[in-house]
Amino acid sequence: MVKNAELAYIFGNITKILKIQNDNVFKIRAYERVADTLENMPMEAETLYKSGRLNEIPGVGTAIAQKIGELIETGRLEYYEKLKEKIPAGVLELLNIPDIGPRKAKLFYEELGIDSVEKLEKAALAHQLQSLYGMGKKAEENILRGIELYKRREQRSPLGIALPIAEEIVRELKSLPCVDQISIAGSLRRGKDTIKDIDILISSLKPEKIMEKFINLPQTKEVLAEGLTKSAILTKQNMQVDLRVVSPDSFGTALLYFTGSQAHNVRLREMAVKRGLKINEYGIFQVKGDKKIGGDDENEIYEILGLHYIMPELREDMGEFEAARHSTLPIPVELNDIKGDLHTHTDYSDGLNSIKEMAAAAKQRGYQYIAVTDHSQSLHIAGGLDEVKLLEQIKRINEINRDIEGITVLKGIEVDIKSDGSLDISDDILKKLDIVIAAVHSNLKQKRALLTERYRRAMENPYVDIIAHPTGRIIGYREPFDIDIQEIIRIAARTKTALEINSSPERMDLHDIYVKSAKEQSVMLAIGTDAHQTSSLDQMRYGLAIARRGWLEKANLLNTLSLKKLKERLKKK
DNA sequence: GCCGTTTTCGGCCCGACTGTTTTCAGTCG
C-alpha cells in the first residue's frame, strides 16, 4: 500500500528540486498542488488508481497520474530518481530552514558544496556565507537563527500530526485478542500542543505477542529497543513510539505514571508518602507490609489520596492539586458542547470547498452554525475578498441560508489588520456581517509596542468579534510575534473581544497558558479550525485540547453558545 | 504540468518586506 502521505512526500521533494533548478513556475505549482492535495484528501490515491479514477483528484492530469501509477506499481519513480541525482537530499533539507529558499539553497550548494544543515551551520559560523553574492552579515545571522528553530522543530511534532499516527498504531495493536486495555499516554494524552514522542500503554498477560506485533508494524522503520515490558520504534515519519506492557492489575497506576507530567507525578507521590503510602507504576501500596491497595484504575488512586479525579490535560502541577482538594477543578468542555465552527474558508478565497459543502459538513458534525470567514483583499495570495466580492458572498450566503435546513451559515470575514492597525475592509461593510475575525498576516516583525498597538486598534473597532491566531506562531517555523500578550488579553477584556484558539495543527494558537490567563480575566475564547476544506473541520478536537488544558469550561467559549445566544453575544452591529 | 471549451494553446492569484543592491532578488504567505 502506497500511502497518500508517501506520495505527497515524493511530489513535495520533486517540487523542491524543480524550484532549485529554477524550472517553470507553473509546472512547479502543479506538483506542489498535487503534493498538498494528496496529503489532505480523505480518499487513498491507490484506491482511486485501482478503479481508474486518479484524474478525479484535482490537479492530476495525464503526466502526474502516470507517475502516481508508476509509484504504486513499482514503488519507485524513474523521473524522481533522475532528479535526485542532480540535487542531493541534503540540499532539499536546507529549504526547511526559515529564510532559506531555492535560490539560497542552490547558491550554497554550488558555491560552497553545502549539502547538509550541519555544513551550512559550519559555514555560517565561519562567516563564509557573507562573501557570497547577495549575502551579508544580517542574512548570515538570520540563517543561524533559522537553523536553531529548525533543530527545535525536529524534536517536537504538533499534536495534530502525532495523534493520528498514534491512533493508527493503537488501532492495529488493539486487534490482538491478548490486549486487555490500551491507551495513549504521555504528553499526547495530556493534549500538549507539541509532542516529542508517542507513548502507548497496554495491559496484557501475553506481552511477547504484543511486542512481536509492535516491532513488525507496517509503520516501523527502525527498532530502537526491544523487550518484554518496553519497546521502542522509529516510524517512517521519524517519530519515536514507546510501548509499555503491564499486567492488567497495574494498568491504572502505570497509566498515571506514563501520562505524567513528571511534576504531577512527583506531587502525587509526595502526597502518598505523607499518608504512609507508596505509588509506583505497578500500584499503590501501604508502606507497612507492602500491601497493594489499588492500581488497576486511575481514578482509584486519586480517590485514595482524597482528591477528585484530575483529567490528563491538567496534570502539570499548575494548581490542579489545590483545585482538586478544594473542589474547584473545571468542568471540562467536551466536543459535543461545541455548537459550531467560527473560522473556516471556502473557495471564495483559498479554501477548497464551496460554502454549501462546508455547511453540509458542519451539519454532519452536529453543529448549529458555521461561520464562513474568508480572507480579505490584502492577502492577495490567498485570494482575499475585496468589498465587492464580499458583498457578493453575503448575498450568496443569504440564499444558501434560505435553502438549507438544520444549519445556519454565519456571514463573516477574516479581515487583515494592516500595519497601522486599521482594517482591510471598511466598517460600512463589516457591519453587514454576523461575525468579524481580525488577523495579522503581514509586517510581522514590527516592534513590540507597535504591534501591540496595532492589535489594540483592531480590537477597539466596534465590529471586530474575535482576534484570530493571536500570537501568529507556526510551530517549529515561526516564533510567536513579539507582542505584549498580557496587554492584549487586557484589551480583549476591556473591548469584549474574544481571542481565538486556532486548531490547525501547525498553529495551535492561542497557547494553553494564555488561554488560562484569558479565562482568568473573563475574556471569551473561540475555537476555530481555520479549515480550508471540509475534512479539516475535524481539527476541532485539537483546539479543544488547548481549551481543556487552559482550564476552560463551556461558559468560557463562544462556540458552545446556541445560535441565538451567540448572536446576542457578538458585538452589537 | 494542468486546465478549459468564447483558448487543444495560452494562461496559470502577486504584493510587501528585507537585506542587499544602486535598481532588485529572495522569501513569505
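Rounded to a whole angstrom, the distance from the P atom of B:dC12 to that of B:dT7 is 15 Å. B:dT20 sits 13 Å from B:dT27 when the P atoms are compared, rounded to a whole Å. Nucleotides B:dT21 and B:dG26 have their C1' atoms positioned 12 Å apart, rounded to a whole Å. When the P atom is compared between B:dC13 and B:dC17, the two are found 23 Å apart, to the nearest whole Å. Comparing B:dT6 with B:dC2, their P atoms sit 23 Å apart, to the nearest whole Å.
Whole-Å rounding puts the A:Glu140 CD to B:dT20 C1' distance at 14 Å. Going from atom CZ of A:Phe26 over to atom C1' of B:dC14 covers 11 Å, rounded to whole Å. Rounded to whole Å, atom C1' of B:dC28 lies 13 Å from atom CG of A:Asn142. In this structure, A:Ile20 places its CD1 atom 13 Å from P of B:dG26, rounding to the nearest Å. For the pair A:Ile97 CD1 and B:dG26 P, the interatomic distance rounds to 18 Å; values are reported in whole Å. Taking atom CD of A:Gln130 as the reference point, atom P of B:dT21 lies 11 Å away to the nearest angstrom. Taking atom CG on A:Asp99 and atom C1' on B:dG29, their separation rounds to 13 Å, with Å as the unit. Atom P of nucleotide B:dG26 and atom CD1 of A:Ile28 are separated by 13 Å, given to the nearest angstrom.
Side-chain contact of A:Tyr348 with A:Glu392: a donor-acceptor pair under 3.5 Å is absent, judged by distance alone. A donor atom on one side chain and an acceptor atom on the other are found under 3.5 Å apart for A:Asn13 and A:Tyr80. Donor-acceptor pairing under 3.5 Å is lacking for the side chains of A:Ser426 and A:Asp428. Defined by atom type and a distance below 3.5 Å, a donor-acceptor pair is present between the side-chain atoms of A:Asp424 and A:Ser376.
No contact: A:Tyr133 has no heavy atom under 4.0 Å from any strand. When heavy atoms are screened at a 4.0 angstrom cut-off, A:Lys445 is found touching no nucleic acid atom at all. As judged by a 4.0 angstrom heavy-atom cut-off over every strand, A:Gly136 is placed among residues touching the sugar-phosphate backbone only. Nucleic acid contact class of A:Lys418 (heavy atoms, under 4.0 Å, all strands): none. Across all strands shown, A:Leu379 has no heavy atoms under 4.0 Å from either base or sugar-phosphate atoms. Contact annotation for A:Arg29: backbone-only contact, meaning every heavy-atom pair under 4.0 Å involves sugar-phosphate atoms and none involves a base. At a threshold of 4.0 angstrom between heavy atoms, the contacts of A:Ser378 with the nucleic acid are absent.
Each of A:Ala30 and A:Leu132 lies near DNA chain B, and the nucleotide nearest A:Ala30 is the one positioned closer to the 5' end. Both A:Ile100 and A:Gly134 sit near DNA chain B, but only A:Gly134 has its closest nucleotide nearer the 5' end.
Within the structure, every side-chain polar atom (N or O) of A:Ser349 is placed at least 4.0 Å from both OP1 and OP2 of B:dC13. Applying the 4.0 Å criterion to OP1 and OP2 of B:dC17, one finds that A:Asn443 has a side-chain N or O inside that range. Taking 4.0 angstrom as the limit, A:Arg33 places none of its side-chain polar atoms (N or O) nearer than this to OP1 or OP2 of B:dC12.
When each of B:dG26, B:dT18, B:dT20 is scored by its nearest atom to the side-chain atoms of A:Arg103, the top-ranked nucleotide is B:dG26. Here B:dG19 is the nucleotide among B:dG15, B:dG19, B:dG29 with the atom lying nearest to any side-chain atom of A:Ala139. With B:dG15, B:dG1, B:dG26 as the choices, the nucleotide that has an atom nearest any side-chain atom of A:Lys104 turns out to be B:dG26. Nearest to the side-chain atoms of A:His441 among the listed nucleotides B:dG29, B:dC2, B:dG19 stands B:dG29.
For residues 492-514 of chain A, no residue pair satisfies the ring pair (Phe, Tyr, Trp, His ring centres under 6.0 Å) rule, not counting sequence neighbours.
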Step by step, would you call A:Tyr79 with A:Ile14 a side chain to side chain contact (heavy atoms under 4.5 Å, CB included)?
CA-CA 9 Å; A:Tyr79 176 67; A:Ile14 291 174; 3.9 Å; yes

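The environment of OH in A:Tyr9 is sparse: at most 12 heavy-atom neighbours from other residues, nucleotides or ligands sit within 6.0 Å.
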